[in-house]
Amino acid sequence: MTADSRPRLVVLTGAGISAESGLKTFRDGDGLWENHAIEDVATPEGWQRDPELVLRFYNERRTQVRRARPNPAHRALAELEQAGFDVCIVTQNIDDLHERAGSREVVHLHGEILKARSSIDPRLIYPLPRGGIRLGDLCDKGGQLRPHVVWFGEAVPAYGHACDIVTEADLLLVVGTSLAVMPAAMLLHEAPTECPCILVDPNASALSPDWVRAIDAPASQGVPKLVDHWRRRQRLEVPEIF
Ligand code: APR
């Protein structure tokens, strides 16, 4: 419970919540990591070897993100917050669909694709309202710009803040993640022992530890149904409706 005494819903989201907005997940069939080598496009070594390839990969993804629209799952979470619930989203996603749906408290664990960052000073971050990053685009200190995303092998600067948020959760809702990537998957274990946890994912039963309530459903169905339940009851609880 936070200082304002409303029960707090913490939502941990992954690529699956944006799948129905047309953005590919990473590890499903035909996912991004099936068609691109992680070590080429999502590691510091890949960036050193071939920055142009890395920039092209993220420029394409940025174009797709700009075209995508929030789906009923993003919108339901924003509506829950607007209805007066205390909702904080911790997302592994680099898209901005939670913000565009209207959610105000969103922590991006793995960065934001609509921002560029200096490759020599990580404090220099620039919005990218249009276009992409090209080789030769420089920060104010003269260093090449790179995508503002966390690559494999890099630190996750927002992790400590995300832990603080999860330790205050009264209910933890996890949506659309394979829980395959550390340290994000560890966040489940940061929740207080009495905090119930629900996972919404078409593959939830297979992914969930036994203390997690698995809801085998796509995000656009499972999340609005849960939100509707909480709004009608005016409280957060693990429902028996599925
Ligand atoms: N609704 C909900 N979940 C879905 C849907 C859907 N419509 N479609 C697929 N999923 C689920 C899959 O069942 C899977 O469990 O989304 C999950 C996607 O898993 P991953 O592709 O592994 O994505 P994610 O867990 O977000 O990956 C974590 O890995 O490489 C990275 O940095 C990248 O942030 C990403 C991290």
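First listed ligand is number 1; within each ligand, the first listed atom is number 1. Remember, predicted model here, so these are calculated numbers, not experimental data.
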Enquirer: My understanding is that only residues two or more places apart in sequence, or in another chain, count here; which of them pass side-chain hydrogen bond (donor to acceptor under 3.5 Å, both in side chains) with Arg27?
Expert: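 Scan of Arg27 (side-chain hydrogen bond (donor to acceptor under 3.5 Å, both in side chains), adjacent residues dropped) gives none.
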
Enquirer: Would you find more than 12 non-hydrogen atoms of other residues, nucleotides or ligands less than 6.0 Å from Arg104 atom CZ?
Expert: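 12 or below, so no.
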
Enquirer: Can you name the salt bridge (Lys or Arg N to Asp or Glu O under 4.0 Å) partners of Arg134, sequence neighbours left out?
Expert: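 Here the qualifying residues are Asp137.
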
Enquirer: Compute whether any side-chain donor of one residue and acceptor of the other, for Ser220 and Asn71, lie under 3.5 angstrom apart.
Expert: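 No - no donor-acceptor pair under 3.5 Å links their side chains.
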
Enquirer: Can a side-chain donor-acceptor contact be found between Thr13 and Gln92 if the only test is distance below 3.5 angstrom?
Expert: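 The criterion, which ignores hydrogens and geometry beyond distance, is not satisfied for Thr13 and Gln92.
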
Enquirer: Could you pull out every protein residue that has a heavy atom closer than 4.0 Å to ligand 1, ordered by chain and then number?
Expert: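 Near ligand 1, by chain and number: Gly14, Ala15, Gly16, Ala19, Glu20, Thr25, Phe26, Arg27, Asp28, Trp33, Gln92, His110, Phe152, Gly176, Thr177, Ser178, Val181, Asp201, Pro202, Asn203, Leu207, Pro218, Ala219.
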
Enquirer: Could you give all pairs that pass the ring-ring contact (aromatic ring centres under 6.0 Å, His included) test and reach residues 158-190, with sequence neighbours left out?
Expert: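 Every pair satisfying ring-ring contact (aromatic ring centres under 6.0 Å, His included) with a residue in residues 158-190: His189-Trp211.
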
